[in-house]
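Structure record follows, encoded as structure tokens.
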Amino acid sequence: MSQPELTREQIERLEGRYGNRFLLEPAPDDKLPRSGMTAQEAMRLIGEEMVLDGLPMRNLATFVTTWMEPEADRVIAESLHTNFIDHAEYPQTAEIEQRCIRMLADLFHAPGQTTGARTQGSSEAIMLGALSLKWSWRARREAAGKPTDRPNLVFGGDVHVVWEKFCRYFDVEPRIVPLAPDKYTIGPEDVHPHIDEHTIGVAAVLGTTFTGHADDIRGINDHLVALKHDHGLDVPMHVDAASGGFVWPFLYPDSHWDFRLEQVRSINVSGHKFGLVYPGIGWLVFRETSDLPEDLIFYENYLGKRDATFTLNFSTGSSMVLAQYYNFIRLGHSGYRYIMESMKYNARSLARQIADIGEFEIIGSEDDEQLPLVAFKLSDGHDYDEFDVAAQLASERGWMVPAYTLPPNAEHIKIMRILVKQTLSQSLARTLGSDIAQACATLDAKGRMHESDRKRVKTNTGF
Ligand SMILES: Cc1ncc(COP(=O)(O)O)c(C=O)c1O
């Protein structure tokens, strides 16, 4: 005789001993629950939900760090309970922030002692850097008795969205140089027609989000220097080195893009990208202390001590500052170089493997200065597109490779892009290469993906 099923009440009575109530109940998702649950139940519930997220190491769209050494994880875990902004209580953390800024200023060839800020990422650093450009421009105009009501900022269509965001939030006219079908970065001839006496600055990118190449920063600098000498128009440049700031100094040390160039007044870099720290850290570095306008600094009496802040956020954790310092002292110059060279090596061999499939064109050449990534597009004559390849690859092997269109006027060009980071070893990169070939073979045999499958593709450029 079969045993009778347990009733819901009977199961619940056993719950305390063998299980937890969320095996039978949905997760709280609208109101704060009337009563809580045990710590173990809460942890298990969240752990189960997280299974539905993607695997960070298979996310080949992101520039952001997905792995750090266990010792770094420990430094992070042990400082999760300190508030970075409380400099009075945590003066050594504040000192470590300053050490990081000094090291970066040195790496970027600042001519002397300077200043900077720890930020939440490059977006906050860019907002602060661009605000400094606006403030300095206004001060120069006021001193000359000229109007200050129509500031503009010049940059290319290859920038990250944060630059347009800055313009909208802080009331500056964006003057955006459009891209062209075979030109995905900008140079002096592009910015020239857009610059006038209302230009607060030019923003140039070192390592674009789209293809990983750099704007012609040296050429733009030379043009701005000529403008200054020939026409008395002093237009500063900010370099958005969100990704490139930790790549170029190690892979292309002789390439001049930083404070070695006269008009470069400020630089941002994301610690959480090729600085190799988990998300939540960016940096802004000025060429000289005077490039940070004094009235953007807030002095306050905090917990009994006079403190200076130059941030958009206030309270935040100390962990990522300490993690950045950990990487600086753990890796040093040769460690960063080793990691960047290994990523470049793996990116090159993956690019060759993808080229050998015979279906794709690689964007750029091995001689280009570029972030360690592979950007590629299908050659002509396919009845499926890059979005289909991305969807097929995701459904066959779970790789998250983005497909996206370029900004105007190259919006008809579709691209796929793979970030080759520390976690994509030679063996994984080879597997990925053959998975791409396999995805193409499947599409050749069965035709393009169904519209509903294409919806799952990652269609932004990654972060
Ligand atoms: C060139 C560039 N600038 C700015 C950003 C924004 O950086 P963050 O995510 O650190 O705020 C990114 C992010 O991908 C980027 O690639």
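These values consider heavy atoms only, across backbone and side chains, with no hydrogens, waters or symmetry-generated copies. Starting from 1, each residue takes its place in the sequence as its number. Both counts, for ligands and for their atoms, begin at 1 and track the order of listing.
Between F286 and F310, the ring planes lie tilted relative to each other; the angle falls in the 30° to 60° range. Ring geometry for F250 versus Y336: interplanar angle under 30°, hence parallel rather than tilted (30 to 60°).
When non-hydrogen atoms are compared, ligand 1 lies under 4.0 Å from the backbone of S123 as well as from its side chain. Neither the backbone nor the side chain of Q120 comes within 4.0 Å of ligand 1, counting heavy atoms alone. With a 4.0 Å heavy-atom cut-off, ligand 1 is reached by the side chain of S270 but not by its N, CA, C or O.
Atoms of ligand 1 lying under 4.0 Å from any heavy atom of T209, numbered from 1 in the order shown and given with element: 1 (C), 2 (C), 15 (C), 16 (O). The atoms of ligand 1 that sit less than 4.0 Å from any heavy atom of H272 are 8 (P), 9 (O), 10 (O). Close contacts between ligand 1 and G121 involve ligand atoms 10 (O), 11 (O) [criterion: under 4.0 Å to a heavy atom].
For the pair R330 and E71, the salt-bridge criterion is not met [side-chain N within less than 4.0 Å of a carboxylate O].
I126 counts as a contact of ligand 1, since one of its heavy atoms falls under 4.0 Å from the ligand.
Rounding to the nearest 0.5 angstrom, the gap separating the OG atom in S132 from the CD1 atom in I200 is 9.5 Å.
For the pair E124 and ligand 1, the shortest N or O to N or O distance does not fall below 3.5 Å. By the 3.5 Å distance cut-off applied to N or O atoms, T208 is not counted among the residues near ligand 1. For ligand 1, the polar-atom distance check against S243 finds no nitrogen or oxygen pair separated by under 3.5 Å.
Judged by the 6.0 Å and 45° rule, R417 forms no cation-pi pair with Y404.
No more than 12 heavy-atom neighbours from other residues, nucleotides or ligands sit within 6.0 angstrom of CZ on R397.
Judged by distance alone, the side chains of T289 and T114 never bring a donor and an acceptor atom under 3.5 Å apart.
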